[in-house]
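One structure below.
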Amino acid sequence: MALAEAGRIIREGGLVAFPTETVYGLGGDAMNPESSKKIYAAKGRPSDNPLIVHISDLSEIDRVVRKVPETALRLARRFWPGPLTMILEKGEEVPLETTGGLETVAVRMPGNDIAAALIRESHTPIAAPSANRSGRPSPTLARHCAEDLDGKIEMILDGGAVGIGLESTIVDLSTEIPTILRPGYITLSMIREILPQAQVDAGIIRADSGIKPKAPGMKYRHYAPRGDLTVVRGTRQAVVSYINAQLAEVSARSLSGGRAEKTAVIATRETASSYQADLVRDLGSRKDPEEIARHLFGVLREMDEENADVIFAEAFDDTGIGAAIMNRLLKAAGGKLIQL
Ligand code: AMP
Ligand code: MG
């Protein structure tokens with residue numbers, strides 16, 4: 001069986017890409033420093049960017065953290081298994097290689113049957129960042145893992161398309177005020193139902209604010225397509241007009257003897273037919289932000305597959321899961337936002 005084989009690989013210090021409900025993870029034994037080093041090497045990831053440790057049962061958390069505060073237990077009861085990662089004080093057994101040198105550790109119980117079975121088969125917590133090459137969009141299909149990591153890892157478990165499509169919400173419980181370090185499917189208001197004092201890290205509220213984010217990974221360029229991506233915010237009509245005017249300028253430039261540039265728009269079901277670009281991709285309906293979230297990373301990858309040079313994306317409301325969508329989209333655009 002593939003799962004038994006995958007568990008053996010992890011126990012013996014190898015790497016396995018596997019599906020979770022958020023994105024595909026690149027897993028290794030969280031307690032083995034050599035496994036964590038291999039994860040960094042396979043991804044080309046800076047070694048100060050810590051990994052998330054995955055468990056399959058709450059009883060396993062005592063091996064990973066020094067102590068479990070009441071706040072963590074309450075969040076775990078409400079949101080685990082599920083797309084929520086908690087930052088807690090590191091347990092002694094967890095090597096610094098896994099935590100990027102930090103005395104805190106990120107821990108999560110994924111809500112995906114294959115992920116849970118893999119952790120059980122491995123008989124160890126699994127350290128797993130997203131299974132992409134560092135800087136690329138996170139993988140939402142097994143094929144994306146193969147594109148980035150084939151030949152560098154021992155195995156890929158194919159569980160089909162993931163359900164959520166954006167990485168987990170990260171909440172820091174190692175400080176006095178519970179603080180969201182990365183927005184995700186579990187929103188601030190959902191966390192505030194359990195911990196009313198919870199806040200959002202100032203470094204991620206605005207991608208262009210210049211305040212350094214507290215999660216080490218959030219400071220790196222991420223998700224970025226090779227083409228030049230700009231996000232445009234405004235009323236529907238204003239956004240369509242602005243983007244079409246920009247597209248016309250690019251075409252005029254190409255026609256007047258410049259290098260031919262391939263144009264692309266990342267649009268929504270409501271607007272996709274309104275654009276005059278070489279490539280238009282529809283993320284889904286604005287009425288269904290979860291659909292938009294599910295498709296975002298795959299569409300960002302398509303921009304590279306199709307060799308798009310100049311890319312415009314419509315902005316989304318910052319409410320609910322929209323905060324996570326906009327966080328990833330603005331990172332992909334290097335903070336480039338046109339406000340109409
Ligand atoms: P990835 O799974 O690839 O999305 O990467 C894991 C994310 O968790 C990175 O952005 C890290 O910065 C963040 N993270 C992991 N451990 C910690 C920690 N101890 N403190 C703060 N952020 C963390
Ligand atoms: Mg990642």
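First listed ligand is number 1; within each ligand, the first listed atom is number 1. Predicted model only: the values in this text are computed from it and were never measured.
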Checklist entry - Does at least one non-hydrogen atom of Thr99 fall below 4.0 angstrom from an atom of ligand 1? => result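 Heavy atoms of Thr99 never come under 4.0 Å of ligand 1.
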Checklist entry - Any non-hydrogen atom of Lys90 lying under 4.0 Å from ligand 1? => result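 Lys90 does not count as a contact of ligand 1 under the 4.0 Å cut-off.
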Between [X] and [Y], is any side-chain donor less than 3.5 angstrom from a side-chain acceptor?
X: Thr85; Y: Ser168; result: yes
X: Tyr275; Y: Glu314; result: yes
X: Glu270; Y: Ser285; result: yes

Counting each atom of ligand 1 from 1 as listed, which ones have a heavy atom of [X] under 4.0 Å away?
X: Ile170; value: 7 (C), 8 (O), 13 (C)
X: Leu181; value: 21 (C)
X: Leu102; value: 18 (C), 19 (N), 20 (N)
X: Thr104; value: 18 (C), 19 (N), 20 (N)

Checklist entry - Which pairs with one or both residues in residues 172-181 pass side chain to side chain donor-acceptor pair (under 3.5 Å), sequence neighbours excluded? => result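 Of all non-adjacent pairs touching residues 172-181, those that pass side chain to side chain donor-acceptor pair (under 3.5 Å) are Asp172-Ser174, Asp172-Lys214.
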Item to check | Residue pairs passing the side chain to side chain donor-acceptor pair (under 3.5 Å) test where at least one lies in residues 110-123, sequence neighbours excluded | outcome: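 Output for this query is empty, none listed.
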Checklist entry - Among protein atoms, how many N/O/S atoms lie less than 2.8 Å from the Mg ion (ligand 2)? => result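 Total protein N/O/S atoms under 2.8 Å from the Mg ion (ligand 2): 1.
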Item to check | Validation row, ring centre Phe297 to ring centre Tyr223 under 6.0 Å | outcome: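 When the ring centroids of Phe297 and Tyr223 are compared, they turn out to be within the sub-6.0 Å range.
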Next on the checklist: Can you pull out every salt bridge (charged side-chain N to carboxylate O under 4.0 Å, His left out) where at least one residue sits in residues 7-35? Sequence neighbours excluded, please.
Outcome noted: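 Every salt bridge (charged side-chain N to carboxylate O under 4.0 Å, His left out) pair that includes a residue of residues 7-35, provided the two are not neighbours, is Glu5-Arg8, Arg8-Glu12, Glu21-Arg108, Glu34-Lys37.
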Checklist entry - Taking the side chain as C-beta and beyond, is there a heavy-atom pair between Arg328 and Pro183 under 4.5 Å? => result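 They are in side-chain contact.
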Checklist entry - Do Arg78 and Leu75 come close enough that some side-chain heavy atom pair is under 4.5 Å? => result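 Of all side-chain heavy-atom pairs linking Leu75 with Arg78, none is under 4.5 Å.
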Checklist entry - Under 3.5 Å between some N or O of ligand 1 and some N or O of Arg182? => result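 Yes - when backbone and side-chain N and O of Arg182 are compared with those of ligand 1, one distance drops under 3.5 Å.
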Checklist entry - Considering only heavy atoms, does Arg45 approach ligand 1 within less than 4.0 Å through its side chain, its backbone, both, or neither? => result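 Within the 4.0 Å criterion, Arg45 contacts ligand 1 through side-chain atoms alone.
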Checklist entry - With no hydrogens and no angle check, is any side-chain donor or acceptor of Lys262 less than 3.5 Å from a backbone partner on Gly227? => result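 Flag not set: sc Lys262 to bb Gly227 has no pair under 3.5 Å.
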Item to check | Selected option - heavy-atom contact closest to atom 14 (N) of ligand 1, from Ser130, Pro50, Ser138 | outcome: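 Among Ser130, Pro50, Ser138, the closest heavy atom to atom 14 (N) of ligand 1 comes from Pro50.
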